[in-house]
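For reference, the structure is listed below as structure tokens.
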Amino acid sequence: MDKVADLGRDIGEYIRQQRSNAKISLRQLSKLAGVSNPYLSQIERGLRKPSAEILQQIAKGLRISAEALYVQAGILDLPTGGPVADAIRADQELNERQKQVLLDVYESFRKENAAQRSTALGSTVDKSDVDNTKPTEE
């Protein structure tokens, strides 16, 4: 039971931090997210644990990824991605929207490079052409 209460407090603190970083008031976020002011206040204070739907509305109001809130709320596991992605997520100087943009760009580069490697390997290497001779030096 304490773990559930901790999750509620953690998500509330996280939402408050993101709201503060975005420099918007509780009332403004309430209006942007379509959530009542008292309910949002209770979420921020850890008195209520919001549903995934409410988190999605709050994320939209904060202009951050809903996934970030889902991870904080314990709905999703922290995504994997290696040391670069971990460093981006850990950077306290970036807000969640900036982190998500960087992660998206980084992942698109990785996919593009992987596709190029697989295309290059598939089109240039034919098993019947492979022999045991040493490459020539220029």
Side-chain angles (χ1 to χ4, degrees):
M1 182 95 167
D2 289 338
K3 196 171 187 178
V4 172
D6 288 344
L7 281 174
R9 272 193 298 278
D10 290 346
I11 189 63
E13 289 172 18
Y14 183 78
I15 291 169
R16 182 178 301 152
Q17 179 186 33
Q18 294 304 310
R19 182 175 58 77
S20 175
N21 290 345
K23 295 181 178 21
I24 58 176
S25 71
L26 185 69
R27 184 164 284 144
Q28 288 170 314
L29 179 57
S30 168
K31 189 173 183 178
L32 290 169
V35 177
S36 76
N37 195 38
Y39 184 60
L40 185 56
S41 175
Q42 290 174 347
I43 291 170
E44 283 194 357
R45 290 180 293 153
L47 301 176
R48 300 270 186 177
K49 188 168 186 272
S51 68
E53 292 169 10
I54 297 295
L55 287 174
Q56 186 172 20
Q57 290 173 239
I58 292 171
K60 185 178 178 184
L62 289 170
R63 295 187 176 185
I64 62 173
S65 74
E67 181 184 49
L69 286 181
Y70 293 159
V71 168
Q72 287 294 321
I75 295 171
L76 287 178
D77 291 331
L78 185 64
T80 59
V84 173
D86 291 345
I88 292 170
R89 286 187 195 100
D91 192 327
Q92 297 295 313
E93 297 295 315
L94 301 173
N95 65 39
E96 286 303 315
R97 185 186 61 77
Q98 292 167 332
K99 290 177 186 180
Q100 192 58 53
V101 168
L102 281 173
L103 289 168
D104 290 346
V105 169
Y106 176 66
E107 190 57 34
S108 72
F109 285 151
R110 289 177 47 89
K111 286 179 181 176
E112 181 181 323
N113 290 343
Q116 287 175 352
R117 279 192 307 273
S118 67
T119 301
L121 288 175
S123 64
T124 61
V125 176
D126 186 275
K127 290 184 182 189
S128 63
D129 291 341
V130 176
D131 63 11
N132 292 331
T133 60
K134 285 187 175 181
T136 58
E137 293 182 23
E138 295 180 18

Taken to the nearest 0.5 Å, the spacing of I43 CD1 from K49 NZ works out to 11.0 Å
Check whether more than 12 heavy atoms from other residues, nucleotides or ligands sit under 6.0 Å from atom CD of E53, and answer yes or no. no
List the atom of S118, the atom of A115, and the distance in Å for their closest heavy-atom pair. OG-O, 3.0 Å
Side chain to side chain donor-acceptor pair (under 3.5 Å) involving S51 - partner list, sequence neighbours excluded: none
What closest approach, in Å, do A66 and A59 show between heavy atoms, and which atom pair accounts for it? CA-CB, 3.6 Å
How far apart are the closest heavy atoms of P50 and L55, and which atoms are they? CG-CD2, 3.5 Å
Single-linkage hydrophobic cluster, 4.5 Å side-chain cutoff, V35 and I11 together: yes
Identify whether I24 and L69 are in the same connected component of the hydrophobic contact network (ILVMFWY, side-chain heavy atoms under 4.5 Å). yes
Nearest 0.5 Å, please: how far is CD in E44 from CD1 in I58? 8.0 Å
Q56 atom CD, over 12 foreign heavy atoms within 6.0 Å: no
Would you give the length of the straight line joining atom CD1 of I64 to atom CZ of R19, rounded to the nearest 0.5 angstrom? 12.5 Å
Heavy atoms, side chains only, cut-off 4.5 Å: are L29 and I15 in contact? yes
Hey, could you give me the CG/CZ distance between L32 and R63, rounded to the nearest 0.5 Å? 7.5 Å
How long is the span from the OG atom in S65 to the CZ atom in R97, to the nearest 0.5 Å? 11.5 Å
Interatomic distance, L26 atom CG to S20 atom OG [nearest 0.5 angstrom]: 12.0 Å
Any donor-acceptor pair under 3.5 Å from Q17 side chain to Y14 backbone: no
Hey, does the side chain of R16 reach the backbone of G12 with a donor-acceptor pair shorter than 3.5 angstrom? no
Run the side-chain donor-acceptor check on residues 98-110: report pairs under 3.5 Å with partners two or more places apart or on a different chain.
residue	atom	partner	partner atom	Å
Q98	OE1	N95	N	2.9
K99	NZ	R89	O	2.9
K99	NZ	D91	O	3.3
Q100	NE2	D104	OD1	2.9
S108	OG	V105	O	2.7

